[in-house]
Undergrad: 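Here you go, one structure.
Keep in mind that the numbers below use all heavy atoms, side chains included, and drop hydrogens, waters and symmetry copies. These numbers were taken from a predicted model, which means no experiment stands behind them. Numbers restart at 1 for each chain; the letters A, B, ... are given by sequence-line order, proteins then strands.
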Number of protein chains: 2
Amino acid sequence: MPRSLRQSKILELITTREIEKQEELVTLLRESNFDITQATISRDIKELGLIKILTEDKKYKYACIDATEQAFSNKYINIFKEAVINLKIINNIVLIKTINGLASAVNSFLDKLGVENSLGSTFGNDTVTIYFENDVKANIACHSLNKIIYG
Amino acid sequence: MPRSLRQSKILELITTREIEKQEELVTLLRESNFDITQATISRDIKELGLIKILTEDKKYKYACIDATEQAFSNKYINIFKEAVINLKIINNIVLIKTINGLASAVNSFLDKLGVENSLGSTFGNDTVTIYFENDVKANIACHSLNKIIYG
DNA sequence: GAAGATTTTGCATAAATATGCAAAGAAATT
DNA sequence: AATTTCTTTGCATATTTATGCAAAATCTTC
């Protein structure tokens with residue numbers, strides 16, 4: 001499994017759960033068939049620039065330092081690129097096919113990115129759906145996403 | 001030496017230097033006659049909610065987190081900056097001197113901003129007073145306000 | 001597709017941080 | 001001011017994280 005997919009999964013995990021320590025990530029990633037050790041997680045975390053912050057109940061958890069800013073960094077975009085298989089426009093919706101299990105990560109990336117004119121989105125396991133008012137707006141959005149992914 | 005003074009010193013140190021580890025704080029604090037161990041620093045850091053972030057050169061350093069900073073648009077912040085002349089901590093209160101007549105504006109800005117741990121505030125013509133439970137909380141708030149205003 | 005260069009990883013362990021517990025210190029209460 | 005209660009601290013150590021180094025995997029170039 002490629003590195004960037006693993007890192008993508010890490011981003012997903014820390015945004016959807018309260019991860020207190022790296023060993024937890026090791027366990028969770030193993031459940032998703034990333035066979036990996038704590039040492040690698042440590043390196044990933046440094047590379048992604050993740051931080052530990054305090055939760056309500058005074059426990060530490062991993063978090064992204066500044067969601068919006070980092071969403072645009074090349075590193076994140078590369079991960080996004082790898083997770084996406086293809087984009088399709090179906091009338092007023094854009095349908096994004098992703099690598100299995102990464103739809104939620106792609107969805108949250110898109111949230112941070114703020115797709116323009118989006119009415120909202122849903123996601124399953126390997127598919128993200130973004131809704132627009134009409135075909136034209138879906139088209140425009142699809143083009144700009146394509147541009148991000150393919151140049 | 002009181003705890004709050006020490007924690008205030010910690011805030012000062014991490015904002016003026018790049019502190020990579022707690023042992024560095026121990027050394028620096030000892031130079032300022034705070035006779036203290038790493039264990040205590042660890043607890044202070046947790047209490048102050050400090051985090052470790054990556055610097056340019058991929059080293060970790062301690063920093064203040066401030067969710068507040070992102071919360072407000074630059075426009076409002078600029079107005080706020082211009083209105084404020086200076087901040088002072090007096091025990092458990094933060095005293096804000098403003099341009100004449102703007103205390104109420106600054107006060108309502110702060111209300112929206114939601115100064116953390118604030119017990120409440122009052123204002124006159126050119127002064128806003130924010131009340132806190134104790135010196136530490138006043139200190140933390142003052143630092144984060146300073147950060148908004150001066151960097 | 002072999003040979004060499006580069007990147008990524010695991011292992012073992014070093015380095016850094018957090019914490020249980022007992023004791024010292026403050027504060028409150030009588 | 002003695003007694004009780006609550007807070008803060010150090011010590012020792014457990015827990016967590018980072019990293020040097022060699023091996024494995026991946027990528028280049030011929």
Side-chain angles (χ1 to χ4, degrees), chain A residues 1-11 13-14 17-30 32-65 74-75 78-79 81-82, chain B residues 1-11 13-14 17-30 32-65 91-92 117 132-140:
Chain A
M1 282 267 205
R3 236 162 72 84
S4 56
L5 289 187
R6 182 185 65 232
Q7 296 188 346
S8 165
K9 189 74 185 174
I10 291 174
L11 289 175
L13 287 170
I14 67 151
R17 293 164 170 253
E18 302 215 335
I19 308 288
E20 287 183 58
K21 45 194 193 190
Q22 300 182 358
E23 285 297 347
E24 270 173 62
L25 280 176
V26 174
T27 307
L28 292 169
L29 286 168
R30 289 219 168 116
S32 298
N33 277 91
F34 292 92
D35 192 9
I36 216 70
T37 63
Q38 175 268 326
T40 297
I41 300 300
S42 171
R43 293 179 185 115
D44 282 345
I45 282 171
K46 186 165 193 170
E47 200 173 327
L48 292 168
L50 302 182
I51 57 171
K52 276 186 119 165
I53 60 173
L54 277 183
T55 60
E56 311 287 299
D57 53 334
K58 296 292 173 186
K59 298 237 167 201
Y60 282 107
K61 72 161 186 177
Y62 280 102
C64 276
I65 186 161
N74 287 334
K75 194 185 305 158
N78 283 335
I79 292 169
K81 282 181 187 175
E82 293 232 32
Chain B
M1 282 270 203
R3 236 163 74 82
S4 58
L5 203 57
R6 181 185 67 231
Q7 296 188 345
S8 167
K9 188 75 185 173
I10 290 174
L11 289 173
L13 287 169
I14 67 152
R17 293 164 171 253
E18 303 215 335
I19 308 288
E20 288 184 57
K21 45 194 193 187
Q22 299 182 359
E23 284 296 347
E24 269 172 64
L25 281 176
V26 174
T27 308
L28 292 169
L29 285 168
R30 288 219 169 115
S32 299
N33 277 89
F34 292 92
D35 191 9
I36 217 70
T37 63
Q38 175 268 327
T40 296
I41 300 300
S42 172
R43 293 179 185 117
D44 282 344
I45 282 172
K46 185 165 195 172
E47 199 174 327
L48 293 168
L50 303 183
I51 57 171
K52 274 185 121 165
I53 61 174
L54 278 183
T55 59
E56 311 288 298
D57 54 334
K58 297 289 173 188
K59 298 237 167 201
Y60 282 107
K61 72 160 186 178
Y62 280 102
C64 272
I65 192 164
N91 300 320
N92 66 319
N117 293 316
F132 299 88
E133 277 170 36
N134 55 46
D135 301 19
V136 176
K137 289 182 177 171
N139 239 296
I140 293 171

Undergrad: Heavy atoms only: give me the nearest B:I10-B:L29 pair and the separation to one decimal.
TA: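 So the minimum-distance heavy-atom pair works out to CG1-CD1, 3.9 Å.
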Undergrad: In whole Å, I'd like the distance from the NZ atom of A:K61 to the C1' atom of C:dA18.
TA: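 That distance rounds to 20 Å.
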Undergrad: With sequence neighbours left out, write down each residue that passes salt bridge (Lys or Arg N to Asp or Glu O under 4.0 Å) with B:E47, or none if nothing qualifies.
TA: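 Expected list: B:R3.
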Undergrad: So, taking the atom named CG in B:L28 and the one named CZ in B:R17, what distance separates them when rounded to the nearest 0.5 Å?
TA: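 These two atoms lie 4.5 Å from each other.
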Undergrad: Once you round it to whole Å, what is the distance between C1' of D:dT9 and CZ of B:R30?
TA: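 Result: 13 Å.
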Undergrad: Looking at side-chain heavy atoms only, is the closest gap between A:S42 and A:Q38 below 4.5 Å?
TA: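 With C-beta onward as the side chain, the pair touches.
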Undergrad: Polar atoms only, N or O, under 3.5 Å: list the protein pairs with nucleotides 13-16 of chain D and their distances.
TA:
unit_1 : atom_1 : unit_2 : atom_2 : d
D:dT16 : OP1    : A:K21  : NZ     : 2.6
D:dT16 : OP2    : A:K21  : NZ     : 3.2

Undergrad: With side chains defined as the heavy atoms from C-beta onward, is the minimum distance between B:I53 and B:K61 less than 4.5 Å?
TA: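 When only atoms from C-beta onward are counted, B:K61 and B:I53 do touch, with a gap below 4.5 Å.
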Undergrad: Under the side chain to side chain donor-acceptor pair (under 3.5 Å) test against A:Y62, which residue among A:E18, A:Q22, A:E20, A:K21 passes?
TA: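 So, applying the side chain to side chain donor-acceptor pair (under 3.5 Å) to A:Y62 and each of A:E18, A:Q22, A:E20, A:K21, only A:Q22 qualifies.
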Undergrad: Atom CG of B:L29 and atom C1' of D:dG10: how far apart are they, to the nearest Å?
TA: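 Taking CG of B:L29 and C1' of D:dG10, I get 16 Å after rounding.
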Undergrad: With sugar-phosphate meaning primed atoms plus P, OP1 and OP2, does B:S42 contact a base, only sugar-phosphate, or nothing at under 4.0 Å between heavy atoms?
TA: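 B:S42: base contact, heavy atoms under 4.0 Å.
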Undergrad: Looking across every strand, which nucleic acid part, if any, lies under 4.0 Å from B:D35 by heavy atom: base, sugar-phosphate, or nothing?
TA: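 The answer is sugar-phosphate, as B:D35 gets under 4.0 Å only of primed atoms, P, OP1 or OP2.
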Undergrad: Within the sub-3.5 Å range, which N or O atoms of nucleotides 20-22 of chain D have a protein N or O partner, and how far apart are they?
TA:
unit_1 : atom_1 : unit_2 : atom_2 : d
D:dG20 : O6     : A:R43  : NH2    : 2.8

Undergrad: Please enumerate all residues that pass salt bridge (Lys or Arg N to Asp or Glu O under 4.0 Å) together with A:R30, with sequence neighbours excluded.
TA: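 Partners of A:R30 by the salt bridge (Lys or Arg N to Asp or Glu O under 4.0 Å) criterion, ordered by chain and then number, come out as A:D35.
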Undergrad: In whole Å, what is the span from the CD1 atom of B:I10 to the P atom of D:dT8?
TA: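 Answer to the nearest Å: 14 Å.
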Undergrad: Would you kindly give the CG-to-C1' distance between B:L50 and C:dA16, to the nearest whole Å?
TA: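 In whole Å, C:dA16 C1' lies 16 Å from B:L50 CG.
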Undergrad: Students often get this wrong, so: under 4.0 angstrom with heavy atoms, is B:I36 touching a base, only sugar-phosphate, or nothing?
TA: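 The answer is sugar-phosphate, as B:I36 gets under 4.0 Å only of primed atoms, P, OP1 or OP2.
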Undergrad: Rounded at 0.5 Å granularity, tell me how far CG in B:L50 sits from CD1 in B:I14.
TA: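 Answer rounded to 0.5 Å: 4.5 Å.
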Undergrad: Would you call B:T27 and B:E24 a side-chain contact if the rule is heavy atoms closer than 4.5 Å?
TA: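 Result no, sub-4.5 Å side-chain heavy-atom pair not found.
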Undergrad: State which residues pass salt bridge (Lys or Arg N to Asp or Glu O under 4.0 Å) with B:K137; sequence neighbours excluded, sorted by chain then number.
TA: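 Once residues adjacent in sequence are excluded, the partners of B:K137 under the salt bridge (Lys or Arg N to Asp or Glu O under 4.0 Å) criterion are B:E133.
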Undergrad: Between atom OH in B:Y60 and atom P in D:dT17, what is the gap in whole Å?
TA: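 For the pair B:Y60 OH and D:dT17 P, the rounded distance is 10 Å.
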Undergrad: Could you give the CD1-to-C1' distance, from A:I41 to C:dC11, as a whole number of Å?
TA: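 Distance, rounded to whole Å: 16 Å.
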Undergrad: Please report, rounded to the nearest Å, how far the C1' atom of C:dT9 is from the CG atom of A:L25.
TA: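 In whole Å, C:dT9 C1' lies 17 Å from A:L25 CG.
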Undergrad: Can you find a pair of side-chain heavy atoms, one from A:I36 and one from A:L25, that are under 4.5 Å apart?
TA: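 Not touching, per the 4.5 Å side-chain cut-off.
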Undergrad: What does the inter-axis angle of the helix from C:dG1-D:dC30 to C:dT30-D:dA1 come out as, five pairs per end, nearest 10 degrees?
TA: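 Computed angle between terminal axes is 40°.
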